[in-house]
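First comes the structure, then the notes that go with it.
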Amino acid sequence: MTPDTLRAHLLAWYDAQARDLAWRAGPKAGWRQDPYKVWLSEVMLQQTTVPHATPYFLKFTARWPTVSDLAAAPDEEVMAAWAGLGYYARARNLLKCARAVAQDHDGVFPDTEEGLRALPGLGPYTAAAVAAIAFDRPANVVDGNVERVMSRLYAVEAPLPDSKPELKALAADLVRDDRPGDWAQALMDLGATVCRPKSPLCERCPVSEACAGLATGAPETYPRKTKKAERPRRYGVAYLLTRGDQIALVRRPPKGLLGGMLALPTSDWRDRPWGAAEAVAAAPAVLDWRSAGEIEHVFTHFSLTLTVLRAEGAADEVIWSPRRDLDGLPSVFLKAAKAGLTSLL
DNA sequence: TAGCCGTGGGC
DNA sequence: TGCCCAAGGCT
């Protein structure tokens, strides 16, 4: 099958099977997409599933309908709205990018891959995706879906991540000036719904006839991957300090893990458990701290066991917040706060 | 450049 | 339960 025939099959499949996603302007090819919505959705979808990102996309676009609206929003509001979506550097860069577009580009997104690539938070993938989807530029849009599709289509034996350049080159050979935005989305839709990581639905694939991976009899074994390092465990203490109907929160430093987010006060997170006495000694105030549970949380590169201690009283340099308004907390602290608040004292 | 950076769902 | 995975970017 020639590359152009392969393209024709996949584009025809896309015309019939395109997913109905919140950020897609409409079902007809050629509909003008709003660059702001394309960009916002692409950033939210970085390493994030469609079901998880969708409610956040709807919330953001309802609250901040244009990039200039978002640019004018206070940092704390945007960070709180992002809480639960993870990878919080994305939210910090989202704001930086919105403000750069508002201030340096008169509120209009650059319409070239190169111009987009210069904005904060837009790497090779996102710049190409926005260029293709919003501006119909013939960009080579390569994400995890495309890498998987290419690795199967051509039965690439080299393992990821070393094979990334090869997979990108294979994808580039299929990009044309004709319908580049639809082509990018067709490839990603195929990867998400048919050429899935596990149990691919090859019988429904519009290009199975051309697939070398299927011909091997084990398409699901592609892409090959090098083994990952195991995840270490860390231990910490979270302090649930209440004052009547309020709870003490802190703002984490702007960079690093959960940077810029509201949080419960915590001890250091180290590689051995905390004893009761040292946990109390590390508390933000001298109070009658009592055990209030324990939670488990998994981050990308370590697992965390968080012991929750609870006390009633006062402390310096904390942000008092209503107990019932914990929506702005990252999931790990929401989990710890709920565990502590529901524990019997 | 390789390590850092969240979360929730599936199996 | 533990592991894998999802439309990556930054430093």
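Order of the sequence lines fixes the chain letters, A, B, ..., with proteins taken first and strands second; residue numbering starts at 1 for each chain.
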- prompt: Do any pairs count as a ring pair (Phe, Tyr, Trp, His ring centres under 6.0 Å) and have a residue in residues 229-262 of chain A, sequence neighbours left out, and if so which ones?
  reply: Tyr239(A)-Trp289(A)
task: Using the C1' atom on both, measure dC4(C) against dG6(B) and round to a whole Å.
output: 15 Å
field: Closest-nucleotide ordering on DNA chain C, the 5'-leading residue of Lys228(A) and Gly144(A)
entry: Lys228(A)
message: In whole Å, measure the gap between the C1' atoms of dT11(C) and dT1(B) for me.
response: 10 Å
- prompt: Sequence neighbours excluded, which residues qualify as salt bridge (Lys or Arg N to Asp or Glu O under 4.0 Å) partners of Arg176(A)?
  reply: Asp4(A)
Below 4.0 Å: OP1/OP2 of dG9(C) and any side-chain N or O of Thr126(A): yes
message: For a 4.0 angstrom threshold against heavy atoms of chain A, report the outermost contacting nucleotides of DNA chain B in 5' to 3' order.
response: dC4(B) to dG8(B)
field: C1' atoms of dT1(C) and dG8(B), separation to the nearest Å
entry: 16 Å
message: With a 3.5 Å cut-off and heavy atoms only, can you find an N or O donor on one side and an acceptor on the other between the side chain of Arg196(A) and the base of dA6(C)?
response: no
field: Inter-nucleotide C1' distance (dA6(C), dC5(B)), Å rounded
entry: 15 Å
- request: Kindly say whether the aromatic ring centers of Phe109(A) and Trp39(A) come within a distance under 6.0 Å.
  value: yes
field: Options dG8(C), dC5(C), dC10(C), nucleotide nearest the side-chain atoms of Gln47(A)
entry: dG8(C)
- request: Would you check if there is a donor-acceptor pair between the side chains of Glu42(A) and Tyr125(A) at a distance under 3.5 Å?
  value: yes
field: Atom-to-atom span, CZ of Arg148(A) to C1' of dG8(C) - whole angstrom
entry: 15 Å
- prompt: So which nucleotide from dA7(C), dG9(C), dC10(C) ends up closest to the side chain of Pro124(A)?
  reply: dG9(C)
- request: Applying salt bridge (Lys or Arg N to Asp or Glu O under 4.0 Å), name anything that partners Glu312(A), two or more places apart in sequence or on another chain.
  value: none
- prompt: Considering heavy-atom distances to DNA chain C, does Trp23(A) or Ala89(A) have its closest nucleotide positioned more toward the 5' end?
  reply: Trp23(A)
field: Value in whole Å for how far the P atom of dG9(C) lies from CG of Leu116(A)
entry: 12 Å
- request: Could you check whether Lys225(A) gets within reach of a base, just the sugar-phosphate, or nothing at all, counting any heavy atom under 4.0 Å?
  value: sugar-phosphate
message: The criterion is salt bridge (Lys or Arg N to Asp or Glu O under 4.0 Å); which residues satisfy it with Arg99(A), sequence neighbours excluded?
response: Asp75(A)
task: Could I get the full list of salt bridge (Lys or Arg N to Asp or Glu O under 4.0 Å) partners for Glu294(A), not counting sequence neighbours?
output: none
